[in-house]
2 protein chains.
Amino acid sequence: MHPSRRITIVDVARHAGVSTTAVSKVMRNAYGASPEMQTKVRAAIEELGYRPSAAARGLRGQTYTIGVMLPEMRNPFFADILDGVTEHLGGTDYQVLMAACCNDEKGEVRITEAMMDRSMDGIILIAPISSRRHLQKVARAVPTVVVGRHGHSPDYDTVTDDDFAGAGLVVDHLVGLGHRRIAHIEHAEKDPVRLKEMPNALRADGYRYAMQSHGLGDYIDIASTTYTQQGGYLGAQQLLARAQRPTAIFAGADIVAMGVLDALTEAGLSAPEDISVAGYDDTMFAAFGPISLTTVDQAGHQMGVNAVRLLLDRIGSRGRPTAQIKLSPTLITRRTTAPIR
Amino acid sequence: MHPSRRITIVDVARHAGVSTTAVSKVMRNAYGASPEMQTKVRAAIEELGYRPSAAARGLRGQTYTIGVMLPEMRNPFFADILDGVTEHLGGTDYQVLMAACCNDEKGEVRITEAMMDRSMDGIILIAPISSRRHLQKVARAVPTVVVGRHGHSPDYDTVTDDDFAGAGLVVDHLVGLGHRRIAHIEHAEKDPVRLKEMPNALRADGYRYAMQSHGLGDYIDIASTTYTQQGGYLGAQQLLARAQRPTAIFAGADIVAMGVLDALTEAGLSAPEDISVAGYDDTMFAAFGPISLTTVDQAGHQMGVNAVRLLLDRIGSRGRPTAQIKLSPTLITRRTTAPIR
DNA sequence: TGTGACGTGAGTAACGTTTTCCACTATGTT
DNA sequence: AACATAGTGGAAAACGTTACTCACGTCACA
């Protein structure tokens, strides 16, 4: 015998004195195996340390693999979502595998195709920026749940936060503190579809709408950059250079707020003394004592849990109509926002 | 024809009027396909949008998949390593898939086995805590590179930072600033093997050695917790409760230093005015302006690049003797450390 | 004019599962 | 006694690739 050939279902079957069909049934808890058969087979599996080959399985049935695509690794909000995913998947036979795609459309396509090639049983896409066409294509091939992107599709379920309302919470809070000159830093977006579907666009809309509702339409001031620390830094620099400086900055994401704080520090200013700053996501950054950022909790953990729930459901019955789950955000008030002086 | 059966190699072969063998050869750039054959086949592939099934491939040959195991998602240092990995793998046909295992041995075993089950072509383990026995078992089944864990094995290559020296850099720096009462927060470790192999243990050793070299053996003071923000918080609380408070705290990782700063803030203290604080890893946290943490750069990006290099090499020739790459750390001086007053 | 050697292509047997049958027995039911 | 029914278990055909082997020319060289 070879140094250590992998144990296959055939070895188990022979060892237990049954057919491979029987072993397969036991492995999958499928119908048609008597209790005695089950124990006999399980014993053999245990004894030989058998583990089924996902490759072979994938050729006929399931691979017991769920793929999760992340836009990037450094935004801790995604870790929150992932916690929810893995927690809810912990008890099952499914294994989660992730891939990060560097926030770029080519990368997204590459990753989703890689996941389809690997015949994953289900895919969770987090804040994908790909064209709708591509998303549909993926979803038609593999059960898919899209997290953090609005829009209704007959092919995939969605889990989102009510970003429009969340932005309103922040503006309300700042207005309540007496601010009027409230600026916003957004992730630039031009594509008409994404303008309707991406959280960043909806937050910007929510900001505009809330400002207008408060009669502050004239003070609307948006810096267009990206949802990264670098983007926050650059956006803040733009805003600080205005003839009339804002008294509060609503950054579209915590990571953006980090960049804002960075720029403030560099300019010799600080929050909330000189300028109030708020973020979005309630990541560990925000909770960090020395920062203590006012932000919006969009319950990443819950989003993850819901995504898995929908996904498993869809894997079970691919035909069912799609669902859209929208979670309500809550404002977390901390120390970077204060009454205007 | 079915709604949309997946295109297979047979379809391509028929469409191009050649054998499946030929198509397979072209896909793999294998020997034995004339230029005309290549163009003919490539055209058919293009036209039909063929993508090979990884499951079927895995049954015979390679899956073109590299697995990366991370201890957790929230420590941005791992993102640095991953950048190096994906960057160096970008040009190849390989796809990276990650899994995070919550810093627990059971989870590690589950993930490594999942990766073996899925017949990945290679595995990169980042700071694994599993028993040596398990690592060997994995490495004997699949080409493996271990990152961030010292120790020599005949079965896997390693890429590490010179943690012992890195700790020395920090102590030297603090001593140079006049500090004598320098405390350390370590990740608790009891297992004798891991005490020799894990970076956290080596950093603690390096700390002790450097203190003694400076004649400060009597001031050695270690709080044993974990390499998490929570661990840093608890460790700092312990240290602040000492009859004689340290004047400087060397946290074993940036994320730990975050917890320390958190605890200081809570206690109404700040760095470096009251206590100097240093970390390790030079993550984005540390570079963040308002924090500006003195730390040690262990070149995560380079570690990732080297890991991939070794891995691809080993996939190419599984027999070659194993290599151990050790990178030299450098001190990054920022604003959380200052001369003692 | 053999005779290797090489280049080119195809046929076919794996690879390790799952799935779709089918056969057989025991147990009720008319 | 004949007949449906449910419960068990197995045989064999997929699934989509790659690796191995062989056949057929062509060419160079003795």
S.K.: Please determine whether a side-chain nitrogen of the Lys or Arg among A:R6 and B:D117 lies less than 4.0 Å from a carboxylate oxygen of the Asp or Glu.
M.R.: yes
S.K.: Would you say a side-chain N or O of B:R57 is under 4.0 Å from OP1 or OP2 of D:dT18?
M.R.: yes
S.K.: Can you check the B:R14 CZ to C:dA10 P distance for me, whole Å?
M.R.: 14 Å
S.K.: Among the candidates C:dG9, D:dA14, D:dT17, find the nucleotide nearest to the side-chain atoms of B:Y50.
M.R.: D:dT17
S.K.: Nearest of C:dA10, D:dG7, C:dT18 to any side-chain atom of B:S19?
M.R.: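 Closest nucleotide to the B:S19 side chain: C:dA10.
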S.K.: Mind checking A:T8 for me? I need base, sugar-phosphate or nothing, with any heavy atom below 4.0 Å counting as a touch.
M.R.: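 Sugar-phosphate, no base atom in range.
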S.K.: Is any side-chain nitrogen or oxygen of B:T21 closer than 4.0 Å to OP1 or OP2 of C:dA10?
M.R.: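 Answer no for this pair, as no side-chain N or O of B:T21 is under 4.0 Å from OP1 or OP2.
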S.K.: Quick check on side-chain contact (heavy atoms from CB on, under 4.5 Å): which of B:L70, B:I124, B:V96 does B:L82 satisfy it with?
M.R.: B:L70
S.K.: Of the options C:dA10, D:dT17, C:dT18, whose atoms approach the side-chain atoms of B:A22 most closely?
M.R.: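 Side chain of B:A22 sits closest to C:dA10.
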S.K.: How close or far is atom P of D:dC15 from atom CG of B:D11, stated in whole angstroms?
M.R.: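 Interatomic distance, CG of B:D11 to P of D:dC15: 11 Å.
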S.K.: Can you tell me which residue among B:R194, B:R149, B:K196 is in a salt bridge (charged side-chain N to carboxylate O under 4.0 Å, His left out) with B:E189?
M.R.: B:R194
S.K.: Please state how far atom NZ in B:K40 lies from atom P in C:dT8, giving the value in whole angstrom units.
M.R.: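 Checked: the NZ to P distance equals 13 Å.
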S.K.: If the threshold is 4.0 Å, N to carboxylate O, is there a salt bridge linking B:D83 and A:R74?
M.R.: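 Looking at B:D83 and A:R74, the cut-off is met.
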S.K.: Please report the distance, rounded to the nearest Å, between CG in A:N29 and C1' in C:dT18.
M.R.: 15 Å
S.K.: Tell me what B:M27 touches on the nucleic acid: a base, only sugar-phosphate, or nothing, going by heavy atoms under 4.0 Å.
M.R.: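 Since no nucleic acid heavy atom lies under 4.0 Å of B:M27, the category is nothing.
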S.K.: Mapping A:T20 and A:S34 onto DNA chain D by nearest heavy atom, which one lands closer to the 5' end?
M.R.: A:S34
S.K.: Can you figure out which of D:dT8, D:dG10, C:dG16 approaches the side chain of A:Y31 most closely?
M.R.: D:dT8
S.K.: Could A:K326 and A:D161 be called an ion pair, given the rule that one side-chain N must be under 4.0 Å from one carboxylate O?
M.R.: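 No.
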S.K.: So which nucleotide from D:dG10, D:dG16, C:dA10 ends up closest to the side chain of B:A56?
M.R.: D:dG16
S.K.: Between D:dC15 atom P and A:Q62 atom CD, what is the distance in whole Å?
M.R.: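 In whole Å, D:dC15 P and A:Q62 CD are 18 Å from each other.
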S.K.: Identify which nucleotide among D:dT18, C:dG9, C:dT17 has an atom closest to any side-chain atom of B:R28, counting heavy atoms from C-beta outward.
M.R.: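 Shortest atom-to-atom distance from the side chain points to D:dT18.
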S.K.: Grab the CD1-P distance between A:I9 and C:dT19 for me, whole Å please.
M.R.: 11 Å
S.K.: Could you state the atom-to-atom distance from CG of A:L59 to C1' of C:dT19 in whole Å?
M.R.: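 Rounded to whole Å, this separation is 13 Å.
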S.K.: Heavy atoms from C-beta onward define the side chain here; which of D:dT17, C:dT17, C:dT18 lies closest to that of B:S53?
M.R.: D:dT17
S.K.: When the distance from NZ of A:K25 to P of D:dG7 is rounded to whole Å, what number comes out?
M.R.: 13 Å
